[in-house]
Amino acid sequence: MEKLIQMINQLIKQLEAQSLKVESVHWYLLNNLQRFKDVAENSPSLHAIENEGRALSRFCIDSMDWEDELFKATTAITEQARHAIHA
């Protein structure tokens with residue numbers, strides 16, 4: 001779980017360093033990542049973490065360009081979450 005939190009923090013910092021337009025895809029991505037981080041850090045339930053990972057994954061698939069580096073970085077996070085949950 002520690003690696004997952006590190007990956008989320010790194011991507012959050014990357015997004016926060018940008019001037020994000022309110023309600024842009026990247027702004028929504030940042031909000032989704034922050035919510036996922038909160039659940040991953042504070043929820044004792046692996047089911048809750050898994051659900052939040054699925055929500056983040058659905059957001060990316062539905063809203064982002066699949067060739068975008070942020071999409072790939074976020075997908076790596078959701079894959080790490082699945083790995084951490086099932087390990």
Side-chain angles (χ1 to χ4, degrees):
M1 211 47 86
E2 187 175 320
K3 182 176 180 180
L4 174 63
I5 301 297
Q6 289 173 351
M7 292 172 73
I8 295 168
N9 283 333
Q10 182 179 10
L11 193 52
I12 286 174
K13 286 179 186 177
Q14 181 181 344
L15 288 165
E16 287 177 337
Q18 301 174 19
S19 296
L20 300 179
K21 183 179 176 184
V22 175
E23 297 187 4
S24 68
V25 170
H26 293 162
W27 181 83
Y28 281 113
L29 175 59
L30 177 59
N31 289 328
N32 278 284
L33 284 167
Q34 289 170 331
R35 187 172 53 245
F36 187 36
K37 177 185 171 187
D38 183 53
V39 169
E41 288 180 331
N42 299 310
S43 177
S45 166
L46 292 179
H47 182 70
I49 295 168
E50 185 175 32
N51 284 343
E52 199 60 42
R54 284 185 185 141
L56 178 60
S57 182
R58 278 192 308 270
F59 167 78
C60 291
I61 290 168
D62 292 344
S63 304
M64 298 180 74
D65 175 0
W66 294 5
E67 298 300 319
D68 188 314
E69 290 303 315
L70 285 173
F71 174 85
K72 293 175 184 177
T74 307
T75 299
I77 288 171
T78 59
E79 289 174 4
Q80 178 63 33
R82 280 192 294 273
H83 176 74
I85 290 167
H86 298 289

Which atom names give the shortest non-hydrogen contact between [X] and [Y], and what distance separates them?
| X | Y | answer |
| --- | --- | --- |
| Ile77 | Leu4 | O-CD1, 3.5 Å |
| Val25 | Met64 | CG1-CG, 3.7 Å |
| Ala81 | Phe36 | CB-CZ, 3.7 Å |

Atom pair [atom1] ([X]) and [atom2] ([Y]), whose distance is rounded to the nearest 0.5 Å:
| X | Y | atom1 | atom2 | result |
| --- | --- | --- | --- | --- |
| Thr78 | Met7 | OG1 | CE | 8.5 Å |
| Ile12 | Lys37 | CD1 | NZ | 5.0 Å |
| Ser63 | Asp68 | OG | CG | 12.0 Å |
| Asn51 | Leu56 | CG | CG | 12.5 Å |
| Ile49 | Glu41 | CD1 | CD | 10.0 Å |
| Asp65 | Phe71 | CG | CZ | 8.5 Å |

His86 NE2: over 12 foreign heavy atoms closer than 6.0 Å: yes

Lys3 atom NZ: more than 12 heavy-atom contacts under 6.0 Å: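 No, the 6.0 Å shell around NZ holds no more than 12 heavy atoms from other groups.
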
Expected output: side-chain Thr74 to main-chain Leu70 donor-acceptor under 3.5 Å: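 Yes, Thr74 side chain to Leu70 backbone: donor-acceptor pair under 3.5 Å.
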
Arg58 side chain reached by Asn32 side chain, heavy atoms, under 4.5 Å: no

side-chain hydrogen bond (donor to acceptor under 3.5 Å, both in side chains) partners of residues 15-31, not counting sequence neighbours, each pair once: Glu16-Gln34

Ile5-Leu29 co-clustered via ILVMFWY side chain contacts under 4.5 Å: no

